[in-house]
Each structure stands twice: as C-alpha cells, then as structure tokens.
Enquirer: 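Handing you a structure now.
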2 protein chains.
Amino acid sequence: MLMRTGWPAVLRTHHLFLTLEPEQFERVAREVRLVRVPAGECFVQAGEPADAFFVVAEGSVKLSLFAANGDEKVLDIIAPGQSFAEALLFMQAPVFPVSATAIADSIVLRVPSVPFCAMLAENRAACFKMLAHLSARLHVQVREIEALTLENARQRLIRFLLARVGTDCKGTSIAHTGEPRNVLASHLSMQPETFSRLIKALTDEGMIRPDGRDFVIEDLARLQRA
Amino acid sequence: MLMRTGWPAVLRTHHLFLTLEPEQFERVAREVRLVRVPAGECFVQAGEPADAFFVVAEGSVKLSLFAANGDEKVLDIIAPGQSFAEALLFMQAPVFPVSATAIADSIVLRVPSVPFCAMLAENRAACFKMLAHLSARLHVQVREIEALTLENARQRLIRFLLARVGTDCKGTSIAHTGEPRNVLASHLSMQPETFSRLIKALTDEGMIRPDGRDFVIEDLARLQRA
DNA sequence: ACGCCGTCTTGATGCATATCAAGGGCAACG
DNA sequence: CGTTGCCCTTGATATGCATCAAGACGGCGT
C-alpha cells in the first residue's frame with residue numbers, strides 16, 4: 001500500500017511534471033485522485049467521454065481495442081511511472097479511444113484535464129514538454145505500424161524480446177516480462193498459440209530459454225541478427 | 001504554376017497558421033522555401049536529419065517506409081493543404097522516420113524548424129493548436145493500428161472507399177482517388193493483386209463500379225453495412 | 001494430497017492473403 | 001501504325017498464421 005506521501009512523489013518524477021514550479025505542481029496535484037484497481041478490472045471503457053488522463057503508480061495496465069466480434073488487441077502495456085490518454089486533453093470532444101484494464105492489482109492517479117490544461121496555458125516549458133511527449137508517442141506508433149506491415153510474427157517477437165533485455169544480477173541477459181502470455185501475444189498481434197510455437201522455435205534454435213514469465217537470452221548476437 | 005503571391009495563401013489557410021498574428025506569420029513565412037518536385041521524385045529520405053517540416057501546396061505526396069528487402073508500405077498520402085513531419089519539431093535529435101515521394105508533379109513548402117519553434121514559444125494559442133494537431137494525428141494512428149489488427153483486407157478497402165465518398169456534380173456518390181492503384185494497395189497494406197480482386201468482388205456484388213481512378217458508389221447503404 | 005480451473009502447449013486442419021506467372025489494355029514514342 | 005513498357009487484371013499455387021481440438025502443467029482451495 002502506498003503511503004499518503006508516496007503518490008505525489010510518483011507524479012513528481014513523471015517527466016511531464018518534473019520541471020514544474022512547486023506551486024504549479026501543487027495546484028494540479030491537489031486535484032489528482034488515487035484510484036485502486038484490482039487485477040482484471042476495466043476502469044476505462046472505450047467510447048466514454050474523457051475529462052482526465054492517468055499515471056500508473058503501481059501494478060500494470062493494458063490498453064486495448066475491441067472488434068465487434070469481441071476480439072481484443074492490446075495496444076500498449078503501461079508500467080508504473082508511465083501515463084496514458086494525455087493526448088485526449090487537446091481534443092475537441094474528448095472520448096477514450098481505448099479501454100484500460102488492470103493486469104495486476106494497480107494504483108493509478110487520475111489527473112483531471114481542467115487544472116492540468118490551465119497549468120499548461122501558463123507554462124511554456126511544460127507545453128513544449130508535452131509537445132515532445134506526443135511527438136515521441138507518434139514516433140512509437142509509426143514503428144508499430146511498420147512492425148505490423150513489414151514484419152512477420154517471428155520478427156515482431158524477436159524485436160519485442162530485444163526491447164526488453166536487461167541484465168540480470170548474475171550478468172546474464174534477461175528479457176523481463178511481468179504479463180501473462182496471452183496478453184503479450186495480443187500486444188504483438190498474434191494468437192497465444194502462435195506465440196507459444198515461436199517461443200518453442202527460438203528455444204529449439206538455442207537463442208532463448210523460457211524462465212517463468214521471463215526469457216533468458218542464450219545467444220544475444222544471433223537474436224539480433226534475425 | 002503557382003503565382004509568387006499564391007503560396008503564402010496556401011500556408012495562411014493551413015490550420016497551424018490560420019490564427020497567427022500577421023507579423024508572426026510573416027516572420028515564419030519569410031523563411032519558407034517553395035520546392036518543385038516532379039512526379040516520382042523522392043525528396044525526403046527516411047533517416048535523414050530533419051530541420052524543417054512540409055506543407056503540400058500542389059500535387060500529391062506519399063509517405064512510405066521500406067523493409068530491408070525493399071518492400072514498401074505507404075503510410076499516408078498527403079493532399080494539397082496538408083502538412084507532414086511537424087511532429088519532428090519537438091524531438092531531441094530529429095530524423096525523418098519516413099521517406100516522402102511526389103506521386104504527381106508537386107509543389108511543397110519547406111517550413112524550417114527554428115523560426116517556427118521561435119514563433120510557437122511566444123504564441124500560446126499556436127502551441128495549443130499544435131498540441132491538438134498532434135493529438136488528432138495520434139488518434140488517426142490508433143485507428144490505423146485498429147484497422148490493421150482487427151479488420152481484414154476487404155473491410156479496410158470498404159472503410160477507405162467510404163472515407164473518400166463525395167458527391168459528384170450529377171449527384172451520384174463517388175469515391176475519388178487520384179493515385180495509382182498499387183499506391184492505394186500499399187496504403188491499405190495489401191498487394192496490388194489483392195486490391196484488384198477485392199475491387200472486382202465489390203463490383204460483382206453491385207456495390208461499386210470502377211471509373212478510371214475513381215469508384216462510383218452504386219449501393220452506399222450496403223457498403224456501409226459491410 | 002486431491003481435484004479443479006485457468007493458462008499454456010501441441011497437433012491437425014483451414015483460410016486469407018502473398019507469391020508466381022501469364023496475358024491485356026493503354027499511353028508514349030519512334 | 002506498330003512497338004515498347006507499364007500498370008492492371010486474372011488464374012494457379014504456396015504459406016503463414018488462425019482456428020479448432022485435445023492434452024499437460026501449475027496454482028489454489030478444501
């Protein structure tokens with residue numbers, strides 16, 4: 001459980017808030033509400049009118065789209081410290097384009113649009129931060145479209161693993177993923193079965209080794225070459 | 001050929017410039033350069049450092065990505081009056097993520113970053129316009145990802161046609177496309193063969209009728225239902 | 001420890017779309 | 001007026017991934 005003094009710190013270290021003057025920060029933070037979301041609960045439905053954006057303080061949140069037939073596509077997985085739906089602040093009739101569901105028990109901070117926009121209006125630097133933020137997000141989306149159209153499932157999986165490699169305490173490379181595999185599969189736009197088969201293939205080829213929800217990288221160089 | 005007095009008008013009516021004070025507009029416009037691009041010429045290569053963005057004044061420009069094997073994906077087709085690469089203004093080390101190629105003989109306006117950013121820094125309203133602009137673009141990208149992952153080729157084609165319906169002088173609905181079909185196919189992320197077959201299928205079903213580079217909508221209601 | 005349930009794997013089959021190959025229309029050009 | 005080249009179409013075939021259908025594994029409560 002987060003201390004009452006804990007969550008403003010999470011907000012403070014978010015890069016959209018990092019450089020604010022103390023009283024500007026204070027004015028926005030006053031209106032922020034902490035929301036506890038149990039694992040599996042959908043706390044934002046696509047199509048709802050939006051009057052706030054969110055910062056994830058603890059846990060993990062998936063953003064997804066649904067087809068008419070119920071098919072789900074996980075657009076993004078939001079880790080603690082990251083935000084989502086900021087882009088809606090600047091839309092004419094803001095409506096959430098995606099649904100947000102907690103994957104693990106989570107704590108999210110709800111930042112209402114009005115005070116945040118008011119703060120932006122009087123802080124040029126924060127405006128530019130926000131522009132840079134949206135711009136970076138656009139860039140990520142372009143890469144996503146590139147991956148979907150020019151790469152196959154195997155390449156997408158490899159790129160995903162490489163994007164998550166970190167170094168283990170013992171010095172071995174590990175791709176750390178805290179999410180269930182069907183969520184990862186949807187994030188990569190493939191079926192769980194395909195995900196499973198590809199993991200098996202890469203394992204048989206000696207490039208990786210599954211380890212619970214993580215993947216040990218056995219041959220980083222070869223993985224990068226593919 | 002555009003008059004020397006013509007191109008500032010195009011710039012002026014672009015929504016990022018529409019509400020500027022005359023002297024602010026003037027200061028940016030002074031630095032804008034007109035570039036003539038013959039059909040087929042690629043005037044921006046992905047990977048190049050970027051120090052400007054572009055507004056298309058005449059003709060038509062495609063933005064595309066290339067795979068290692070040479071496969072091309074047309075991300076977007078820019079019509080006169082529209083701009084592209086504005087998001088790069090706010091990146092740390094701006095590099096074009098896509099290539100830009102004229103489809104028809106075109107005239108593009110090159111708007112250098114530095115004076116434009118300087119203008120933004122002293123115009124709060126323009127900043128918010130830009131935020132709204134990027135935000136809208138993000139939204140479009142989300143729809144694009146949705147289309148790629150949750151819809152099949154036929155649905156994407158139908159949605160594309162519907163997005164282009166306009167009314168003809170004689171009152172019949174027409175989807176107007178000025179681009180070669182292989183470009184359209186790539187924009188819709190399918191092969192030209194698939195595009196051709198789908199057009200044939202919709203024609204056989206009596207929903208549309210091809211007419212040169214346009215498509216006459218024979219049964220709008222049925223098209224919308226699919 | 002047992003059985004239950006949800007998640008993950010594995011195999012068999014099917015389908016949408018890509019790929020390969022060949023012909024047809026049309027405009028530019030000699 | 002034929003030729004050339006380019007797009008577009010059409011058909012035959014290939015393939016990657018989805019779908020369907022069973023198991024296997026693993027956590028969890030009783």
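Everything quoted here is computed from the prediction, not taken from an experiment. Note on naming: letters A, B, ... go to the chains in the order of the sequence lines (proteins, then strands), and numbering restarts at 1 for each one.
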Enquirer: Indicate yes or no: at least one non-hydrogen side-chain atom of A:Leu184 is less than 4.5 angstrom from one of A:Ile77.
Expert: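 Side chain of A:Leu184 against side chain of A:Ile77, heavy atoms only: contact under 4.5 Å found.
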Enquirer: Would you say that B:Leu89 contacts B:Phe116 through its side chain, given a criterion of any heavy-atom pair below 4.5 Å between the two side chains?
Expert: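 Of all side-chain heavy-atom pairs linking B:Phe116 with B:Leu89, at least one is under 4.5 Å.
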Enquirer: Flag yes if more than 12 heavy atoms outside A:Arg143 fall under 6.0 Å of its CZ atom; otherwise flag no.
Expert: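 Incorrect, the count does not exceed 12.
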Enquirer: Sequence neighbours left out, cut at 3.5 Å: what donor-acceptor pairs do the side chains of residues 148-166 of chain B make with other protein atoms?
Expert:
{"from": "B:Thr149", "atom 1": "OG1", "to": "B:Ile145", "atom 2": "O", "distance (Å)": "2.8"}
{"from": "B:Thr149", "atom 1": "OG1", "to": "B:Glu146", "atom 2": "O", "distance (Å)": "3.4"}
{"from": "B:Glu151", "atom 1": "OE1", "to": "B:Arg159", "atom 2": "NE", "distance (Å)": "3.3"}
{"from": "B:Glu151", "atom 1": "OE2", "to": "B:Arg159", "atom 2": "NE", "distance (Å)": "3.1"}
{"from": "B:Glu151", "atom 1": "OE2", "to": "B:Arg159", "atom 2": "NH2", "distance (Å)": "2.2"}
{"from": "B:Asn152", "atom 1": "OD1", "to": "B:Arg154", "atom 2": "N", "distance (Å)": "3.3"}
{"from": "B:Asn152", "atom 1": "OD1", "to": "B:Gln155", "atom 2": "N", "distance (Å)": "2.9"}
{"from": "B:Arg154", "atom 1": "NH2", "to": "B:Glu205", "atom 2": "OE1", "distance (Å)": "2.8"}
{"from": "B:Arg154", "atom 1": "NH2", "to": "B:Glu205", "atom 2": "OE2", "distance (Å)": "2.5"}
{"from": "B:Gln155", "atom 1": "OE1", "to": "B:Asn152", "atom 2": "N", "distance (Å)": "3.0"}
{"from": "B:Arg156", "atom 1": "NE", "to": "B:Leu188", "atom 2": "O", "distance (Å)": "2.9"}
{"from": "B:Arg156", "atom 1": "NH1", "to": "B:Glu151", "atom 2": "O", "distance (Å)": "3.3"}
{"from": "B:Arg156", "atom 1": "NH2", "to": "B:Leu188", "atom 2": "O", "distance (Å)": "3.2"}
{"from": "B:Arg156", "atom 1": "NH2", "to": "B:Ser189", "atom 2": "O", "distance (Å)": "3.0"}

Enquirer: Between B:Asp219 and B:Arg225, does any NZ, NE, NH1 or NH2 come within less than 4.0 Å of an OD or OE carboxylate oxygen?
Expert: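 Between B:Asp219 and B:Arg225 there is no salt bridge, as every charged N stays at least 4.0 Å from the carboxylate O atoms.
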Enquirer: With no hydrogens and no angle check, just 3.5 Å: does a side-chain donor-acceptor pair link B:Glu86 and B:Ser83?
Expert: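 A pair is found: one side chain offers a donor N or O, the other an acceptor, under 3.5 Å apart.
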Enquirer: Can you list every pair that meets ring-ring contact (aromatic ring centres under 6.0 Å, His included) and has a residue in residues 133-152 of chain A, with sequence neighbours left out?
Expert: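 Found A:His15-A:His133.
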Enquirer: Between N or O atoms, less than 3.5 Å apart, protein on one side and nucleotides 27-29 of chain D on the other: list the pairs.
Expert:
none

Enquirer: If you take any heavy atom closer than 4.0 Å to DNA chain C, which residues from residues 210-219 of chain B end up in contact?
Expert: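 None - not one residue of the stretch has a heavy atom sitting under 4.0 Å from the strand.
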Enquirer: Let me test you: for the helix from C:dA1-D:dT30 to C:dG30-D:dC1, what is the angle between the axes at its two ends (five pairs each), rounded to 10 degrees?
Expert: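 Comparing the axis at each end, I get an angle of 30°.
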Enquirer: Would you give the length of the straight line joining atom OG of B:Ser60 to atom NZ of B:Lys62, rounded to the nearest 0.5 angstrom?
Expert: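 The OG atom of B:Ser60 sits 10.0 Å away from the NZ atom of B:Lys62.
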Enquirer: Among residues two or more places apart or on two chains, list those pairs meeting ring-ring contact (aromatic ring centres under 6.0 Å, His included) that have a residue in residues 64-84 of chain B.
Expert: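 Qualifying pairs: B:Phe54-B:Phe84.
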Enquirer: Tell me whether A:Glu193 is salt-bridged to A:Lys200, with the criterion being a basic N under 4.0 Å from an acidic carboxylate O.
Expert: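 A:Lys200 and A:Glu193: not salt-bridged.
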Enquirer: Check whether any side-chain heavy atom of B:Pro180 sits under 4.5 Å from a side-chain heavy atom of B:Ile103, and report yes or no.
Expert: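 In contact.
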Enquirer: Verify, without hydrogens or angle tests, whether B:Ser186 (side chain) and B:Val74 (backbone) share a donor-acceptor contact under 3.5 angstrom.
Expert: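 Confirmed, B:Ser186 side chain pairs with B:Val74 backbone.
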Enquirer: Please report the closest heavy-atom contact between B:Ser135 and A:Met91, naming both atoms and the distance.
Expert: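 What the structure gives for the nearest pair is OG-CG, 3.3 Å.
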Enquirer: Could I get the full list of side chain to side chain contact (heavy atoms under 4.5 Å, CB included) partners for A:Pro38, not counting sequence neighbours?
Expert: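 Scan of A:Pro38 (side chain to side chain contact (heavy atoms under 4.5 Å, CB included), adjacent residues dropped) gives A:Glu41, A:Asp105.
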Enquirer: How would you list, by chain and number, every residue that makes a side chain to side chain contact (heavy atoms under 4.5 Å, CB included) with A:Asn69, sequence neighbours excluded?
Expert: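 Side chain to side chain contact (heavy atoms under 4.5 Å, CB included) list for A:Asn69, sorted by chain: A:Ala67, A:Asp71.
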Enquirer: Let's see if you get this right: which residues in residues 176-187 of chain A place a heavy atom under 4.0 Å from DNA chain C?
Expert: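 A:Pro180, A:Arg181, A:Asn182 - these, ordered by number, are the residues of the stretch whose heavy atoms sit under 4.0 Å from the strand.
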Enquirer: In chain order, what residues pass the side chain to side chain contact (heavy atoms under 4.5 Å, CB included) check against B:Ala102, with sequence neighbours excluded?
Expert: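 Side chain to side chain contact (heavy atoms under 4.5 Å, CB included) check on B:Ala102 returns B:Val37, B:Ser106.
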Enquirer: For a quick check, with a 4.0 angstrom heavy-atom cut-off, what is the B/S/- contact string for nucleotides 15-21 of chain C, read 5' to 3'?
Expert: --SSBB-
Enquirer: Please write out each protein N/O paired with an N/O of nucleotides 22-28 of chain C under 3.5 Å, distance rounded to 0.1 Å.
Expert:
none

Enquirer: Quick one, A:Ile199 and A:Phe195 - any side-chain contact, counting heavy atoms below 4.5 Å?
Expert: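 Yes, at least one pair of side-chain atoms sits under 4.5 Å.
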